[in-house]
Amino acid sequence: MTQVHVDVGLDPARTDFYRRLLRQMLLIRRFEEKAGEAYAMGQIGGFCHLYVGQEAVAVGAMAALRDDDYITSSYREHGHALARGMPARVVMAELFGKATGCSKGKGGSMHLFDAGRNFFGGHGIVGGQIPIAAGAAFAVKYRGGDQVSLCFFGEAAVNIGSFHETLNMASLWTLPVIFLVENNRYGMGTALERASAIDDIGVRASSYGMTSEVVDGMDVLATYEATMRAIARGRRDKAPTLLDVNTYRFVGHSMSDASHGTYRTLEEVEENKKNDPIGKFCSQLLDGEILDHEEVENLDTEVIGEVEDAVAFAESSPDPDPENLFADVYHD
Amino acid sequence: MPILTYRDALNDALREEMERDPDVFLMGEEVAEYDGAYKVSRGLLEEFGDKRIVDTPITELGFTGIGVGAAMAGLRPVIEFMTFNFALLAIDQIVNSAAKISYMSGGQFRIPIVFRGPSGAALQLGSQHSQAFDSWYANVPGLKVVAPATPADAKGLLKSSIRDNNPVVFLEGEMLYNTKGEVPDGDHLVPIGRADIKREGSDVTIVCYAKTLAPALKAADTLASDSGISAEVIDLRTIRPLDTEALVASVRKTNRCVIVEEGWPFSGIGAQLVDTIQREAFDHLDAPLLRVTGADVPMPYNKKLERAAKPTPQKVIEAVKQVTYST
Ligand SMILES: Cc1ncc(C[n+]2csc(CCOP(=O)(O)OP(=O)(O)O)c2C)c(N)n1
Ligand SMILES: [Mg+2]
């Protein structure tokens with residue numbers, strides 16, 4: 001509920017860290033642009049939800065995690081997968097449905113998983129990942145560990161039952177979960193205030209006795225700092241936190257719809273694009289003389305190369321062997 | 001061999017598996033301080049503490065999802081549904097998460113979890129508390145479905161289910177909890193996916209599982225004494241994966257088959273068995289396959305109506321007489 005404003009200021013000693021954040025955001029942006037092109041060419045099928053505009057959320061939040069922490073996400077999870085360090089190759093290959101994809105081509109865009117990175121998946125049912133994230137936190141507490149479980153979901157999920165059931169139990173049992181609401185203001189074409197009787201999401205956390213914070217999700221450092229505070233609460237007190245992270249998607253809900261329409265105007269989209277998290281962070285770094293233009297250019301060139309390599313890898317990878325149709329349903 | 005109730009056999013299985021593996025825990029409504037709505041978990045709180053015997057709020061969807069997440073993180077949850085009627089609220093997590101996460105992740109995650117509780121009708125509980133969900137879960141690849149009929153099988157199968165690395169839907173029955181039987185001492189395991197011939201016979205195969213074993217056996221006794229018909233009673237014990245081999249072998253021997261199930265007829269378990277049997281034993285059949293099922297209505301409250309809606313020994317006898325042309 002409280003808007004905590006921390007002026008982080010830029011510290012030249014942390015240049016490498018800032019560079020990494022910028023690089024990851026650029027990587028996600030370039031990756032999503034390419035995914036959009038590949039989708040238009042029919043190389044990616046089904047539902048495909050891009051993350052353009054929201055990069056600072058995944059990157060800022062993920063930077064605060066340790067390798068042994070847990071992550072769950074929704075179907076709009078390409079950015080989370082990349083920010084967690086999953087190679088662009090295996091993510092792109094999964095979008096292409098190839099055997100070399102992280103889920104061997106059986107998951108697709110909405111179901112990216114990486115057990116080795118405790119990346120507990122892209123989930124296609126709105127709110128489905130919320131109790132699962134609490135389950136990972138339950139396991140942490142059960143074993144006496146100090147990891148946290150970070151759960152990404154959209155603001156439209158705050159009206160679904162699993163959200164309420166899970167917040168209640170997470171608070172009751174003091175589970176180290178961070179409920180990170182990526183509040184891009186719309187669930188498909190429905191604005192939050194058209195769907196929620198109470199559109200201040202923090203109030204919902206309060207009703208379960210849970211701390212919450214409103215975060216500027218267009219500011220990667222603010223997102224990082226807020227997540228750090230939530231993590232501290234989780235590790236130290238085993239207490240959950242809800243973060244209402246304000247962001248905006250610059251593209252349509254999925255590849256099958258336009259960026260604007262009856263539910264939001266082109267002007268609104270354009271207005272929000274002025275607040276581009278990548279452009280903003282770039283300016284901060286340039287103004288603060290942390291990086292120069294050339295370095296930024298180089299980073300961009302580098303990630304474009306990485307994405308092109310990922311596409312080439314995905315294109316040249318084999319489809320799953322039909323013999324594997326029945327594999328992975330059961331374990332011995 | 002000690003004689004135990006089905007309830008105590010389950011209790012022993014839980015206790016033994018929890019002693020054996022610290023990753024096993026029990027979660028559900030009223031499992032701890034109340035000792036279980038049907039007392040299956042009696043005494044376990046005292047023995048294992050509230051870290052491992054976890055009372056939940058009434059949030060079937062939420063605690064089922066928590067179980068799935070805990071399983072992904074390496075624990076082995078046993079999730080108790082007070083009854084499976086309430087698991088309808090959790091079916092999204094059972095079907096969309098537990099059953100599919102292994103496949104969707106290309107086999108990276110396994111979900112060793114047991115969903116257990118009573119299923120089907122008890123006595124006069126009315127429509128919303130009297131439904132058999134066997135065929136709902138059995139329809140889903142990624143799930144195993146187990147439905148033991150006797151205390152020995154209940155113990156052995158629950159132990160196997162807890163050790164299994166896949167989600168297992170474990171269907172018990174209010175009407176079974178008080179039934180008694182011999183249960184082997186010690187580490188008694190019954191493998192998942194293996195049917196059991198509970199009575200040998202030569203004229204007809206009666207297929208049953210869980211609550212329908214009792215009417216099947218009763219019918220077989222009566223058929224033997226009153227009509228000289230020798231019925232073989234095969235208890236599936238596991239519905240998915242189905243023990244096709246045992247089922248087909250029995251039908252090939254007797255050439256006739258009656259299937260008894262508690263659930264509704266349309267798209268029921270029996271429909272699946274008929275499909276399997278006609279394909280695998282077509283040339284051995286001397287009569288059409290018949291099914292005895294629950295009536296195709298929501299369960300009525302009235303005692304007489306309820307009885308009319310359930311499979312009974314009499315209905316099984318009539319079906320057997322039809323397939324043996326001895327009416
Ligand atoms: C339970 C459920 N109902 C409906 C849908 C269809 N659906 C997919 S995404 C979506 C909107 C979700 O919006 P939000 O949670 O804000 O996430 P965003 O797409 O904005 O990231 C809907 C209705 C679904 N996947 N699951
Ligand atoms: Mg949204």
Side-chain angles (χ1 to χ4, degrees), chain A residues 70 72 94 99 101-108 110-116 118-125 127-143 147 149 151 160-170 172-173 175 320 324 326-332, chain B residues 22-25 27 50-52 54-77 79 89-90 92-93 95-113 140-144 164-168 192-193 240-241:
Chain A
Y70 295 93
T72 45
E94 189 57 38
C102 58
S103 305
K104 298 192 204 155
K106 288 173 171 171
M110 297 191 284
H111 306 305
L112 305 173
F113 287 84
D114 187 341
N118 283 349
F119 192 81
F120 277 23
H123 297 263
I125 307 300
Q129 73 273 32
I130 301 176
I132 290 176
F138 179 91
V140 167
K141 200 168 170 187
Y142 189 91
R143 294 195 164 123
Q147 300 104 301
S149 175
C151 184
I160 205 162
S162 64
F163 168 85
H164 292 274
E165 295 189 8
T166 306
L167 257 69
N168 178 54
M169 280 185 277
L172 183 70
W173 295 340
L175 300 179
N324 288 334
F326 292 98
D328 305 318
V329 180
Y330 293 102
H331 289 261
D332 288 338
Chain B
D23 287 340
V24 177
F25 68 95
M27 176 180 269
D50 61 4
K51 185 185 117 178
R52 298 182 67 193
V54 187
D55 272 335
T56 66
I58 306 167
T59 52
E60 278 74 9
L61 179 65
F63 68 72
T64 301
I66 284 177
V68 173
M72 289 179 82
L75 298 183
R76 305 185 83 86
I79 301 295
L89 286 116
D92 171 54
Q93 284 295 340
V95 174
N96 274 313
S97 299
K100 293 177 185 165
I101 282 175
S102 169
Y103 196 78
M104 294 195 300
S105 68
Q108 292 183 72
F109 288 92
R110 44 181 219 191
I111 315 289
I113 191 168
V140 183
L143 298 180
K144 294 185 178 181
D164 200 275
N165 285 324
N166 302 282
V168 179
I192 293 176
R240 183 185 185 117

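Just so it is clear, the structure is predicted and the values come from calculations on it, not from any experiment. Below, chain A is the first sequence line, B the second, and so on; all start at residue 1.
For the set B:Asp92, B:Thr56, B:Leu75, B:Val68, the entry with the most heavy-atom pairs within less than 4.5 Å of chain A is B:Leu75. When each of A:Lys104, A:Lys141, A:Arg143 is checked for heavy-atom pairs under 4.5 Å with chain B, A:Arg143 comes out on top. The candidate with the highest count of non-hydrogen atom pairs below 4.5 Å against chain B, out of A:Tyr330, A:Tyr70, A:Phe138, is A:Tyr330. With chain A as partner, the option from B:Ala71, B:Ser97, B:Ala70, B:Ala99 having the largest number of non-hydrogen pairs under 4.5 angstrom is B:Ala70.
Every residue meeting the side-chain contact (heavy atoms from CB on, under 4.5 Å) condition with A:Asp114, not counting sequence neighbours, appears here in chain and number order: A:Met86, A:Arg117, A:Phe119, B:Gln108. Applying the ring pair (Phe, Tyr, Trp, His ring centres under 6.0 Å) rule to A:Tyr142 yields the partners B:Phe25; only residues at least two apart in sequence or on another chain are considered.
Of the two parts of B:Thr64, neither the backbone nor the side chain holds a non-hydrogen atom closer than 4.5 Å to a non-hydrogen atom of chain A. Only the backbone of B:Leu143 comes within less than 4.5 Å of a heavy atom of chain A; no side-chain atom from C-beta onward does. Contacts of B:Pro22 with chain A are made by backbone atoms alone, with heavy-atom separations under 4.5 Å and no side-chain atom involved. At a 4.5 Å heavy-atom cutoff, A:Ala137 makes no contact with chain B through either its backbone or its side chain. Contacts of B:Asn96 with chain A are made by side-chain atoms alone, with heavy-atom separations under 4.5 Å and no backbone atom involved. In this structure, chain B has no heavy atom under 4.5 Å from any part of A:His164.
Looking only at atom types and distance, the side chain of A:His111 has no donor-acceptor partner in the side chain of B:Ser105 under 3.5 Å away.
Of all heavy-atom pairs spanning A:Ala134 and B:Ile66, the tightest one is CB-CG1, 3.8 Å. Contact record, B:Met72 with A:Phe120: CB-CE2, 3.4 Å, taken as the closest heavy-atom pair. The minimum heavy-atom distance linking A:Trp173 with B:Asp55 is given by the pair CZ2-O, 3.4 Å.
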Open item on the list: Between B:Ile101 and A:Ile132, does the side chain to side chain contact (heavy atoms under 4.5 Å, CB included) criterion hold? Intermediate values first, please.
Closed with: CA-CA 11 Å; B:Ile101 282 175; A:Ile132 290 176; 4.1 Å; yes
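Within the 4.5 Å cutoff, the side chain of A:His331 has no heavy atoms near those of the B:Ile111 side chain. Proximity of B:Leu61 to A:Thr166: side-chain heavy atoms (C-beta onward) are nowhere separated by under 4.5 Å. At a threshold of 4.5 Å between non-hydrogen side-chain atoms, the residues B:Pro57 and A:Leu172 count as touching.
Judged by distance alone, with hydrogens and angles left aside, the side-chain atoms of B:Gln93 form a donor-acceptor pair with the main-chain N or O of A:Gly128 at under 3.5 Å. The closest donor-acceptor contact from the side chain of B:Thr59 to the backbone of A:Glu165 lies at 3.5 Å or more, if one exists at all.
Annotation for B:Ile58: atom CD1 does not count as buried by contact number, only 12 or fewer foreign heavy atoms lying within 6.0 Å.
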